[in-house]
Amino acid sequence: MPELPDVEQFKRILVRKGLDQVIESVIVKDARILGKLSTKTFTVRLCARKLVAVHRHGKHLLVKLDDGGWLTFHFGLSGALQFLQSREDEPSFTRVRLDFTDNGSLAYTNKRMLGRVGIVEDAAEFIAAERLGPDALDPALDFAAFRMAVEGVRRDVKSVLMDQQIIAGIGNIYSDEILFQARMAPTARINELPPARLKHLFVQARKVLKTAIERGAGSERSVDRMPSGSLLPERKRGGYCPRCQSPLKILKVSGRTAYCCPHCQS
DNA sequence: TTAAGTGTTGCTCT
DNA sequence: AAGAGCAACACTTA
């Protein structure tokens with residue numbers, strides 16, 4: 001589930017419920033989510049720290065601590081962030097729980113354990129180390145910057161959209177929606193697109209991501225809340241194109257399942 | 001029961 | 001060197 005729009009919702013939860021809160025205790029329920037970082041180091045570092053800012057870069061969430069360090073979250077395929085009024089309400093698959101001194105807790109859940117929670121000293125350094133390209137919704141990413149980011153790349157447009165090193169934040173689900181709205185086949189070579197088509201792709205990408213955020217991505221049945229004419233509610237076996245009613249085609253593009261309309265997307 | 005899957009990394013081959 | 005393909009990770013669901 002968690003691509004850029006979903007992680008943006010997690011960010012908003014944190015901003016609303018976690019900002020300016022002080023961590024009283026840290027419960028690590030499954031240390032594997034910390035990778036090589038030890039539970040003790042993690043816990044000691046976070047206790048008594050205040051959360052002072054929240055940034056999102058692509059699918060990563062970075063929470064600034066009052067000592068200058070950053071708490072980092074990555075959600076993999078099944079991660080989520082949930083605010084709990086009471087620590088008794090802890091959801092299943094909670095891997096890390098932060099209990100605040102004032103009230104409430106923050107639960108990081110992750111069913112499939114693909115994802116990471118960690119601590120870094122410098123946000124820019126972390127983004128560089130993860131080799132993340134510019135965030136897909138960064139205001140500084142205008143068309144000129146986008147064109148520069150894909151300069152010299154000769155791959156299927158879908159795999160380029162999903163490449164976090166080129167543009168950060170787009171995954172398999174939203175790349176399908178973006179390509180549908182741009183009326184572009186996922187297998188089109190990005191280097192063979194005329195400039196106007198590349199511009200169109202860029203504009204549609206931003207529009208789809210912004211729309212998904214407005215419509216409350218990350219929540220239950222969020223694909224059904226996308227505007228009519230969206231691909232996502234039909235993105236399933238036996239689904240139909242919302243524009244021309246053709247049966248959607250399922251193909252593999254760079255190892256991932258792609259849904260597209262063989263008639264509308266060329 | 002088997003396989004596929006909303007993400008990422010690391011390795012191999014061309 | 002860029003790009004494609006594959007396995008691995010852990011666990012649920014079709």
Side-chain angles (χ1 to χ4, degrees), chain A residues 1-10 29-37 56-61 72-81 91-96 108-118 126-133 135-136 149-180 186-192 205 208-209 212-213 215-226 230-239 248 250-260:
Chain A
M1 174 180 63
E3 297 183 31
L4 185 153
D6 315 289
V7 177
E8 182 65 25
Q9 301 302 331
F10 301 151
K29 311 219 49 153
D30 193 322
R32 289 175 298 173
I33 208 71
L34 300 179
K36 281 179 277 182
L37 182 64
R56 183 190 55 69
H57 191 107
K59 305 171 186 174
H60 293 260
L61 211 51
T72 64
F73 294 102
H74 186 259
F75 300 92
L77 288 178
S78 60
L81 224 44
S92 45
F93 303 108
T94 296
R95 308 303 183 183
V96 171
Y108 170 89
T109 59
N110 200 328
K111 202 185 289 179
R112 289 172 57 187
M113 293 293 293
L114 304 176
R116 280 287 175 274
V117 179
F126 172 77
I127 289 161
E130 293 283 322
R131 297 212 213 87
L132 298 178
D135 181 80
V150 301
E151 177 68 39
V153 177
R154 281 183 276 272
R155 280 195 270 152
D156 291 348
V157 65
K158 179 175 170 71
S159 83
V160 175
L161 285 178
M162 293 192 299
D163 189 334
Q164 305 303 299
Q165 298 189 31
I166 298 173
I167 306 284
I170 300 167
N172 200 20
I173 297 287
Y174 283 101
S175 64
D176 277 358
E177 183 67 52
I178 289 165
L179 289 165
F180 178 74
T187 49
R189 293 275 167 161
I190 196 162
N191 53 301
E192 289 170 4
V208 165
L209 296 172
I213 291 170
R215 299 292 177 124
S219 55
E220 204 64 22
R221 309 299 312 144
S222 55
V223 297
D224 292 336
R225 300 212 231 139
M226 290 291 280
S230 295
L231 177 77
L232 294 189
E234 288 295 317
R235 194 187 181 281
K236 56 197 173 192
R237 297 178 328 283
L248 293 179
I250 301 175
L251 52 154
K252 289 280 180 192
V253 179
S254 61
R256 312 298 301 279
T257 308
Y259 286 72
C260 62

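Below, each value reflects all heavy atoms present in this structure, side chains not excepted, and no hydrogens, waters or symmetry copies. Just so you know, these numbers come straight off a predicted model, no measurement behind them. Letters A, B, ... are given to chains in the order of the sequence lines, protein chains preceding strands, and every chain is numbered from 1.
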Q | Residues forming a ring-ring contact (aromatic ring centres under 6.0 Å, His included) with A:Phe93, sequence neighbours excluded | A | none

Q. Is there a donor-acceptor contact under 3.5 Å from the side chain of A:His57 to the main chain of A:Gly169?
A. no

Q: Please name all residues satisfying side chain to side chain donor-acceptor pair (under 3.5 Å) with A:Ser78, sequence neighbours left out, ordered by chain then number.
A: A:Asn110

Q | Residues which pass side chain to side chain donor-acceptor pair (under 3.5 Å) with A:Lys158, listed by chain and number, not counting sequence neighbours | A | A:Asn172, A:Ser175, A:Asp176

Less than 3.5 Å apart, which donor and acceptor atoms pair up between the side chains of residues 250-260 of chain A and the rest of the protein, not counting sequence neighbours?
from: A:Lys252; atom 1: NZ; to: A:Thr257; atom 2: OG1; distance (Å): 3.2

Q.
Could you check whether A:Phe126 and A:His60 have their ring centres less than 6.0 Å apart?
A. yes

**Q.** A:Gly58 backbone acceptor or donor facing A:Arg56 side chain under 3.5 Å
**A.** yes

Q | Listed partners of A:Phe75 passing ring-ring contact (aromatic ring centres under 6.0 Å, His included), at least two apart | A | A:Phe10, A:Tyr108

N/O to N/O distances under 3.5 Å, protein versus nucleotides 2-4 of chain C:
from: C:dG3; atom 1: OP1; to: A:Arg154; atom 2: N; distance (Å): 2.5

**Q.** Secondary structure of DNA chain C in dot-bracket form (Watson-Crick or G-U wobble, distances below 3.5 Å, | marking inter-strand pairs)
**A.** .||||||||.||||

Q: Identify, with sequence neighbours excluded, every residue that meets side chain to side chain donor-acceptor pair (under 3.5 Å) alongside A:Asp156.
A: none

Q: Keeping the roles fixed (side chain from A:Arg155, backbone from A:Val160), state whether a donor-acceptor pair exists under 3.5 Å.
A: no

**Q.** Letter per nucleotide, 5' to 3', of nucleotides 8-14 of chain B [B base touched, S only sugar-phosphate touched, - untouched; heavy atoms, 4.0 Å]
**A.** BS-----

Q. Taking only residues two or more places apart in sequence or in another chain, which ones pass salt bridge (charged side-chain N to carboxylate O under 4.0 Å, His left out) with A:Glu234?
A. none

Q. Do A:Gln164 side-chain atoms and A:Ile170 backbone N/O form a donor-acceptor pair below 3.5 Å?
A. yes

Q: Give the B/S/- string for nucleotides 7-14 of chain C, one per nucleotide from 5' to 3', where a protein heavy atom under 4.0 Å of the base yields B, of only the sugar-phosphate yields S, and otherwise -.
A: --BBBS-S

Q. Can you tell me how far P in B:dA3 sits from the matching atom in C:dC6, rounded to whole Å?
A. 15 Å

Q.
Applying a 4.0 Å non-hydrogen cut-off, can you work out what A:Ser78 is touching in the nucleic acid: base, sugar-phosphate, or nothing?
A. nothing

Q: Please identify each residue that fulfils side chain to side chain donor-acceptor pair (under 3.5 Å) with A:Glu3, with sequence neighbours left out.
A: none

(Q) Categorize A:Arg235 for me: base, sugar-phosphate, or nothing, with a 4.0 angstrom heavy-atom threshold over every strand shown. (A) sugar-phosphate

**Q.** Phosphate OP1/OP2 of B:dG5 contacted by A:Lys236 side-chain N/O (<4.0 Å)
**A.** no

